[in-house]
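This chain uses plain numbering: 1 for the first residue, then up along the sequence. Since this is a predicted model, take the numbers as computed values, not measurements. Just so it is clear, the values below take in all heavy atoms, side chains as well, and ignore hydrogens, waters and symmetry mates.
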Amino acid sequence: MVKRFIPNRILIVACALLLAGNVGWIMRDTPTADQSSSQQASQRQFPLLSKRILSDDPNDILINFVPLRKDLTARFAALNGQKSFYFEYLPDGTSIRVGSDDQLVAASLIKVPLSMNLYRAAELGRISLDKTVTITNSEIDNAYGNLWQKGAGAKITLRQAARLALTESDNTATHVIFDNIKGLLSADEESMARLDVDQNMEAGQAVINAKSYASVLKSLYFSS
């Protein structure tokens with residue numbers, strides 16, 4: 001992976017443009033007092049309906065994904081090997097699926113729910129994210145990431161381990177997290193169980209499909 005450094009001046013201009021765009025979007029979409037009052041009344045009258053249905057112009061969030069679906073289907077059909085793809089547009093629930101129910105080896109995908117378990121345990125007061133732990137020899141794994149280069153005996157906080165596991169897919173950091181939260185959560189408290197995600201094993205490896213894994217990402221998006 002090649003790292004490219006962007007001059008501060010360019011970053012400042014980019015941030016300014018993003019900020020201006022966000023302000024414009026907020027001003028365009030900010031409802032008036034009458035609109036807000038009307039929407040709140042409708043939501044009280046129909047509390048079980050999605051709020052988007054009651055918006056002044058629900059067509060604002062509708063997108064035609066048929067061309068994209070056709071394009072992706074053709075592209076995946078041309079690929080050899082197994083694949084499991086799932087896309088969902090959250091505002092209206094439109095989805096695109098290509099082999100989304102096919103089980104594939106989870107591999108590094110487990111690092112997200114594992115980190116969620118760490119943060120859940122911390123939220124419950126059973127461990128501190130700032131706890132400093134010592135890397136053991138059994139946790140050293142040079143397949144992915146660079147933490148292994150520090151060697152056994154190196155110190156790291158669990159917060160740092162989570163960041164490395166998620167941003168660099170660091171295997172050593174992942175083993176550190178796993179070893180330090182083992183037994184802190186019951187089976188029902190773990191993130192995958194709470195999301196009702198199918199967990200299966202094939203040939204000694206965890207497998208998952210794209211549709212199931214999407215619920216992991218959606219739970220983060222909705223902070224649920």
Please report the interatomic distance OG(Ser115) to CZ(Arg163), rounded to the nearest 0.5 Å.
11.0 Å
Result block: side-chain N/O donor-acceptor pairs under 3.5 angstrom for residues 93-102, not counting sequence neighbours:
| residue | atom | partner | partner atom | Å |
| --- | --- | --- | --- | --- |
| Thr94 | OG1 | Asp92 | OD1 | 2.9 |
| Thr94 | OG1 | Asp92 | OD2 | 3.2 |

Does Tyr213 reach the main-chain N or O of Leu109 with its side chain, forming a donor-acceptor pair under 3.5 Å?
yes
Nearest heavy-atom pair of Val105 and Gln205: which atoms, and what distance?
CG2-OE1, 3.6 Å
Do the side chain of Ser191 and the main chain of Asn117 share a donor and acceptor less than 3.5 angstrom apart?
no
Under the salt bridge (Lys or Arg N to Asp or Glu O under 4.0 Å) rule, collect the residues that match up with Asp179, sequence neighbours excluded.
Lys182
Any side-chain heavy atom of His175 within less than 4.5 Å of one from Ser138?
no
Nearest 0.5 Å, what's the OG-CD distance between Ser84 and Gln103?
8.0 Å
Please list all pairs passing the side-chain hydrogen bond (donor to acceptor under 3.5 Å, both in side chains) test where one or both residues lie in residues 65-75, with sequence neighbours left out.
Asp71-Arg75
Gln149 atom CD: more than 12 heavy-atom contacts under 6.0 Å:
yes
ILVMFWY clustering at 4.5 Å (side-chain atoms), partners of Leu118:
Leu114, Tyr119, Ile127, Leu129, Val133, Ile135, Ile140, Leu147, Trp148, Ile156, Leu158, Leu164, Val176, Ile177, Phe178, Ile181, Leu184
Nearest-0.5 Å distance that lies between atom OG1 in Thr172 and atom CG in Asn146
9.5 Å
Donor-acceptor pair, side chain of Thr134 and main chain of Lys155, under 3.5 angstrom:
no
Heavy-atom distance under 4.5 Å between the side chains of Met116 and Leu220, does that happen here?
yes
Here the pair of heavy atoms bringing Leu195 nearest to Ser219 is CD2-CB, 3.5 Å
Looking only at heavy atoms, what is the nearest atom pair of Ala161 and Ala173, with distance?
O-CB, 3.3 Å
I need the single residue from Phe85, Phe87, Tyr86 that forms a ring-ring contact (aromatic ring centres under 6.0 Å, His included) with Phe76. Which is it?
Phe85
Do Arg126 and Glu189 have side-chain heavy atoms sitting under 4.5 Å apart?
yes
Residues in salt bridge (Lys or Arg N to Asp or Glu O under 4.0 Å) contact with Lys218, at least two apart in sequence or another chain:
Glu88
What pair of heavy atoms forms the shortest contact from Lys111 to Leu166, and how long is it?
O-CD2, 3.8 Å
Would you find more than 12 non-hydrogen atoms of other residues, nucleotides or ligands less than 6.0 Å from Asp130 atom CG?
yes
Give me the atom names and distance for the closest heavy-atom approach of Ala107 to Ile110.
O-CG1, 3.2 Å
Mind checking who shares a hydrophobic cluster with Met201, ILVMFWY linked at side-chain heavy-atom distances under 4.5 Å?
none
